[in-house]
Amino acid sequence: MSDAATKPVHDQALCVFAAKDFASGAHPVWCPGCGDYGVLAGLERALATLGKPPHEVVLVSGIGCSSRLPGYMSTYGFHGVHGRALPVATGIKLVRPELEVIAVGGDGDGYSIGGNHFIHACRRNADILYVVMDNRVYGMTKGQPSPTTEPDWDSDIAPGGIGLRPFNPLAIAIASGANYVARGFSGDPDGLANLIVDGIRWPGFAFIEVLSPCITFRPEQSEWKKVVRPTSLTIEQDRAAATAWCSATTASAWVSCTVATARRPRRHCSRKSRLPISNANS
Amino acid sequence: MSDAATKPVHDQALCVFAAKDFASGAHPVWCPGCGDYGVLAGLERALATLGKPPHEVVLVSGIGCSSRLPGYMSTYGFHGVHGRALPVATGIKLVRPELEVIAVGGDGDGYSIGGNHFIHACRRNADILYVVMDNRVYGMTKGQPSPTTEPDWDSDIAPGGIGLRPFNPLAIAIASGANYVARGFSGDPDGLANLIVDGIRWPGFAFIEVLSPCITFRPEQSEWKKVVRPTSLTIEQDRAAATAWCSATTASAWVSCTVATARRPRRHCSRKSRLPISNANS
Amino acid sequence: MTAGAVFLRAAANAGYYGMMTQLFGAQVRGGESAALVQVSTEPIEAQPDRYDLFVALDWDKVEQFAAEIPLDEASVIVADPEAGAVPAGIAKSKGRVVSLKMSDPDAIRLERGLYGKRVNMFAAGAVCALIGVDAKHVQAAIENIFEGKGAELIAANVKGAVAGAAAAPGLTLNFRLDQATLAARWLISGNQALALGALRAGVRFVGCYPITPATDLVEWLAPHLKKLGGRLVLGEDELAAINLALGASYAGTPAMTVTSGPGFSLMVETLGLAVAAEIPMVLIDVMRAGPSTGIASKTEQSDVNLAIYGAHGDAPRVVLAPISVADCINTAEYAVYVAESLQLPVIVLSDQSLGQATTVIDPSSERPKPLKRRTNGVAADKPFKRYAIGPDPITPMPLPGTPGREWVAEGLTHSEAGLPASGAGVHVAQINKRAKKVQRFDPGKYWGESWGEGDIAVLAFGSTIGPARAAARRLAAAGHPIRVIALRVLSPLPMAALARALDGVHRIIVVEQNHGAQLYHHLIGQKAIPPSAESVARPGPLPYRPSEIASYVV
Amino acid sequence: MTAGAVFLRAAANAGYYGMMTQLFGAQVRGGESAALVQVSTEPIEAQPDRYDLFVALDWDKVEQFAAEIPLDEASVIVADPEAGAVPAGIAKSKGRVVSLKMSDPDAIRLERGLYGKRVNMFAAGAVCALIGVDAKHVQAAIENIFEGKGAELIAANVKGAVAGAAAAPGLTLNFRLDQATLAARWLISGNQALALGALRAGVRFVGCYPITPATDLVEWLAPHLKKLGGRLVLGEDELAAINLALGASYAGTPAMTVTSGPGFSLMVETLGLAVAAEIPMVLIDVMRAGPSTGIASKTEQSDVNLAIYGAHGDAPRVVLAPISVADCINTAEYAVYVAESLQLPVIVLSDQSLGQATTVIDPSSERPKPLKRRTNGVAADKPFKRYAIGPDPITPMPLPGTPGREWVAEGLTHSEAGLPASGAGVHVAQINKRAKKVQRFDPGKYWGESWGEGDIAVLAFGSTIGPARAAARRLAAAGHPIRVIALRVLSPLPMAALARALDGVHRIIVVEQNHGAQLYHHLIGQKAIPPSAESVARPGPLPYRPSEIASYVV
Ligand SMILES: Cc1ncc(C[n+]2csc(CCOP(=O)(O)OP(=O)(O)O)c2C)c(N)n1
Ligand SMILES: Cc1ncc(C[n+]2csc(CCOP(=O)(O)OP(=O)(O)O)c2C)c(N)n1
Ligand code: SF4
Ligand code: SF4
Ligand SMILES: [Mg+2]
Ligand SMILES: [Mg+2]
């Protein structure tokens, strides 16, 4: 883990912006109570903390409820087509490395139609941050199972459940070579802001999977906030948590990703980059 | 591992076909010495061993040198477009479960343009076999780096090397939920035939990554045959091999995949399926 | 929404025809919305020029819908005085405002929460009473719509409707319709009708990926397919969806994919494969406003070019469009038969306006004659000549599993035996083979339809046919008879049938809902109509109104 | 292959014009092949009706090339007697067979292995001598082509060529050309020329995915881009490739993607995004024989429909086609300027025949006038109106990083400020804005070119222009002057310029290389030519020969 990524988050010297400076003022189309509001708040706070002016930030997204986010921020933005946020973000970053480029989207956008770009972005390792608002459903199209949906979740299009093992974003990111892999919870915008700051500072591709409830099509997800246990911030203080963390970051990272682990801040699964950063081919 | 998958390969009662019964007689367009000849031989032998008549087998492929394979076999076939073999194969299998459906292709076809179908086929777990002839290059288009190409391999399109960490098919397959993951070598058609028989018998999605040299654009790969060490067939006989196998099937499967492990027959990384097989959604 | 559904269903129960379309605000769910319902003793195929009655449950953000809900001085606006003043955008219609207390201030919180639709039901009950729909039909409608939600909820809703009906006479409005004739009719949307037609034709495999406004088609289909032993597979993307369908079709099961513009664009590479490898498949495109992501929930007819010309290379296919909501059934069924018998992809161009209009239809007893794919290859020399060149361009495609007929479906230029080849001879021969299948395709009476007489013809397709016919009725009544020609087959153009339909016409007006006049230029480019023909083309998202067409014609 | 390259380069060194195309057998590498070389004192733009000289190094599978190497009684076939009898497919040309011992039975195995091309060099040397190219030019060509391969190899090859030259007089053949005029010329392929033009125009980012016959374009580009500080990124697929380019372009760098038919089909969804979000980009499609995977290495002009009409919704774009190998430079440069200045995608339709023909050209000193994108937004109220509706449909797109001008590139129907919207007003306004950019686009003299006089016009584009002009020269010489009209702008059609070019013409013949007469129907559909115009359309993979066109005309 590089120094930059472990710097304390609240570096006052940098805080020349307030979170509200990053709001566009446009009224989100999101349902009241949608988890994505928390992600928006987390992003605004993180950018304020980082002190990057809005015009030096570009938010890139695909299509979905979550992908509407760029319109709600005062930064530059690119609201492209479904599933293609990562190549667009990579193209921007490669020609304008001084800009802060952040791709955002949903589980459908990122893991279903965008799955190929996801695994290849992990190996391409361009210095961008990718935030996925995972609500385990296609929200925008009104409730179909996404790759992360539980196999027995009933819906019109897959009565009785889709019956497939869920896609494990963290495991796949790690297997694909991502160096910074973390998970956050939209119900904890401050914790999320910490992760985002870390992820932006991380010198290469950083991936944050955010559990972000869809209260309309997955109302049961409003229970997530209860399941997400606060764990001690410094895991070293807690032997049990440390052990769990350890196993989670190695072999079984991809089977143990339950909601319970969601709020562990800075849960990076980092491996030393075997190749120079930002080498998205010459 | 189910019984079916561990049955001895040379079950004489079934051997009513010879390998040559599976050859179409068409002359391959492959360069003399291409590794894909070995894969073709392995497939023919495996099908002969299994005793399935040619008309009950469908070979599905995309585009590439390797993807030409279906035309050289006497079975039914579907030579589709670049990267789309897996969804085609899945569609066939779901409506005709009694047919033996085998998807074949190259590293470009399967891991680059077809990467999304690859990870989703692993989770969809339809009862098909997927054989990738990995030569770490786009052969058909005359030598560009593929996702598995070494970062420093020089080529016209990426002078000095592409500079990206290679895609690790085995790790990604495992992370994506594949139950049967194996690696073979085209220089050992018999060993490969064993793996193919196992993979076909495996009741769910089976993935075999085959190191198959491109002697034209990666002539250095003809050295692979020297690097691939013969290891004892029953790894239990060999403590060191057993230990290596063990670590390879757990956490580090995706970092330890060197050519040296290529010839271990039946190197499955199997986990008990957590969901019913062939449940490619209802 | 539910109020509209209850009203429409109650009217249908009472024997009226009707159509409902819905409007939603920007919020993904739970925001403002409006249901537009027409009822009549005559079949309804288009949205009207104006609405008679506007019932406001609240005024929140309603003005955004003003353009889509045409009102005039003769319209009546019913609103709860407690909802506040009529907003300017609605008031400017000069419609007469009538007060009606709908909310029940005494309703306990639980009632408002759990049975929150009671205001809606009040409105539905009132409107039903105004047009003369009997209370028993309203009750039946509520029972149907809330089926499975529990007796308590149903009772509460019925109570609301009854209260509304009781309040109706106090409004002293006269919207009573003539007595309806009861008949066995269906309440169905265009999307459901397409799904039904496909099922009827034997489609048992659907590869899809959700996209508005096509998702409800597959959502309706899913349980039915399951019951029939078929399969619906949700692909990881549209590339998977169409290739899943193509695989299933190759294996012998009539298969389909369903999408809208953005997904369709992603599918054209594989569409070309279906052409080249000669695999039947049906692709339903429920068009929405484009380009790019456009407006997902609104209508347009702007994928004509893509449907006819999309895909690299010479890739002849058949493009059909349903003539009405009711015709969606037959057009879908016919599409499957054409695909299966010609062994090529058939595109069905529907649109949001047809697809999501819930309509009372008279089900047609007539159905297209089943056509099957040819699978019985003649006793073969080895290798089997799947792509044989001979007098008949349609050559048998034996099912995998058939002994001695092994063949490889091939997207490269191929020999008769299906092996890749690159010579000029084979290339041209196979291109000609595929072209001939389309050239010789004779849709017979399925080419389209034509109504009326006169030397002016309005040529339309899909959801513009309804307003064109309504315009024609109005013009005829005013002494200006015109013809309306509806094309079901957009490509290859049914030249002879169209020429017959146009016989004696001096003015041709092509009406379509896109900016580029896509159908018009196609018709001229193929010499189906002369360059002197006129074009009426404008994009969505508003539906054509009959008056818009009528006023262009005269 | 190398023999052809040496011959062409030697001839070029000596001041001749020339063109080389290559033929390969089915085997991926190392199989049979043929190099077709023409040399002349005049510029060459098309493959000929016949070849004068055929030199066979061996006869292995050569007959498959017969259709592509037209020979006749006047042709001379030079072959090593040890290679065996002339195969029937070649012999039936009735060309005169001349024996020449080329192989050196005394060559040691190492020589044949390491210096295996010596037979080739013998042939190259002999042919150069026959047409009168001096040995020093041959030596220079060999040094150039084997540069970096070591002096030993070069010496061995030169030795072979010298031996060939020494053997030539013994053949007593007369193929000596007139003296050439030396000038600064370039030996370049159409693919290289397109790449060069794009670089000249400032393209510094390329997103791509390999595909024949476009790969050599990006392979040539890669090191040059690197040197210029640009970037070529190999995407995981074509979806990535075009989106990478679009991202880079949004960020301010002129960007491009390069592909062929199958990849192009995959790109049309994002192409529509570029239209809707108004992001400049250039897409080069080096067409090959379709549909589907077709014949990867052979030519066709069958992506016209996709280029003009591909993508759902109304998605107006500009489609250009180079007029010759030499013009590839200017057309590519111009394409970038049009894209940047109109803020939309520009498609350049080249084809394998242009792209992979290595040609001696006179570089033009004239270049298109640079046009830049407008980035200087006026002092903004917040939010910045990226998509402002006003008299000028082209509105500034400030670069990200510019303070106070933040905007979101938007593919949904959007307001002037770029926020998603779904009203009819905004939708139609933005559709009109985008359409106007294209309608008002005036290519000026870049519309196309026209040669000759007479009341018959042959209208062509891309690689069919060369044979059309050759046909015209032949017809003119025979007393039948015709016009050749070359379209550079295929869409939007340059109506006025075309009308001027067609002034006084009574017969219009549209020549193109596809089955569907795609350009022809487009021209008629857009009313650029009357329905009475004639069409000459046939698919690839064989190039048009001048005689084919000439014999249709008269
Ligand atoms: C090419 C294409 N296919 C399908 C769609 C329809 N579509 C829009 S959003 C979406 C899924 C969104 O799911 P997710 O990314 O999880 O976002 P959420 O709405 O849940 O936040 C789909 C399938 C589309 N717009 N484009
Ligand atoms: C959509 C599309 N993009 C690109 C191509 C060009 N293409 C053909 S084969 C190939 C790569 C093949 O690589 P691989 O799968 O590794 O097969 P190999 O030839 O090495 O066996 C590519 C890029 C194509 N045919 N279609
Ligand atoms: S549908 Fe779900 S994801 Fe979409 S805005 Fe509503 S709550 Fe959020
Ligand atoms: S190019 Fe390589 S992969 Fe292709 S046939 Fe030749 S050796 Fe095999
Ligand atoms: Mg989601
Ligand atoms: Mg390969």
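Below, chain A is the first sequence line, B the second, and so on; all start at residue 1.
- Here the shortest heavy-atom pairing between Ala240(C) and Pro87(B) reads O-CB, 3.7 Å.
- Both the backbone and the side chain of Pro54(B) come within less than 4.5 Å of a heavy atom in chain C.
- The candidate from Ala277(C), Pro420(C), Gly207(C) with the greatest count of non-hydrogen atom pairs under 4.5 Å with chain B is Pro420(C).
- Comparing Leu399(C), Leu246(C), Ile279(C) by how many heavy-atom pairs each has under 4.5 Å with chain B, the most go to Leu399(C).
- The interface of residues 61-76 of chain B with chain C, defined by heavy-atom distances below 4.5 Å, comprises Ile63(B), Arg68(B), Pro70(B), Gly71(B), Ser74(B), Thr75(B), Tyr76(B).
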For a quick test of your reading: what N or O donor-acceptor pairs under 3.5 Å do the side chains of residues 37-46 of chain B make, sequence neighbours left out?
from, atom 1, to, atom 2, distance (Å)
Tyr37(B), OH, Trp30(B), O, 3.0
Arg45(B), NH1, Asp190(B), OD1, 3.0

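- Only the side chain of Arg96(B) comes within contact range of chain C, judged by heavy atoms closer than 4.5 Å.
- The closest side-chain heavy-atom distance from Asp237(C) to His120(B) is not below 4.5 Å.
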(message) For a side chain to side chain contact (heavy atoms under 4.5 Å, CB included) check, start with the C-alpha distance between Val57(B) and Glu406(C), then their side-chain angles and the critical distance, and finish with the verdict.
(response) CA-CA 9 Å; Val57(B) 178; Glu406(C) 295 83 0; over 6 Å; no
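- Using a 4.5 Å heavy-atom threshold, the side chains of Val95(B) and Arg231(C) count as separate.
- The side-chain heavy atoms of Val88(B) and Leu244(C), taken from C-beta on, include no pair separated by under 4.5 Å.
- Residue Gly80(B) comes nearest to Leu273(C) through the heavy atom pair CA-CD2, 3.7 Å, listed as atom of the first residue, atom of the second, then distance.
- Identified under the side-chain hydrogen bond (donor to acceptor under 3.5 Å, both in side chains) test for residues 243-254 of chain C, with sequence neighbours left out: Asn243(C)-Thr270(C), Ser249(C)-Arg373(C).
- Across every non-hydrogen atom of Glu236(C) and Asn116(B), the tightest pair is CG-ND2, 3.8 Å.
- Residues satisfying the salt bridge (Lys or Arg N to Asp or Glu O under 4.0 Å) test with Asp21(B), not counting sequence neighbours, are none.
- Of the listed residues (Ala255(C), Ala417(C), Ala248(C)), the one with the most heavy-atom contacts under 4.5 Å to chain B is Ala248(C).
- Of the listed residues (Leu225(C), Leu412(C), Ile242(C)), the greatest number of heavy-atom pairs within a distance under 4.5 Å of chain B belongs to Leu412(C).
- Each of Pro400(C), Gly252(C), Gly418(C) has some count of heavy-atom pairs under 4.5 Å with chain B, and the biggest count is that of Pro400(C).
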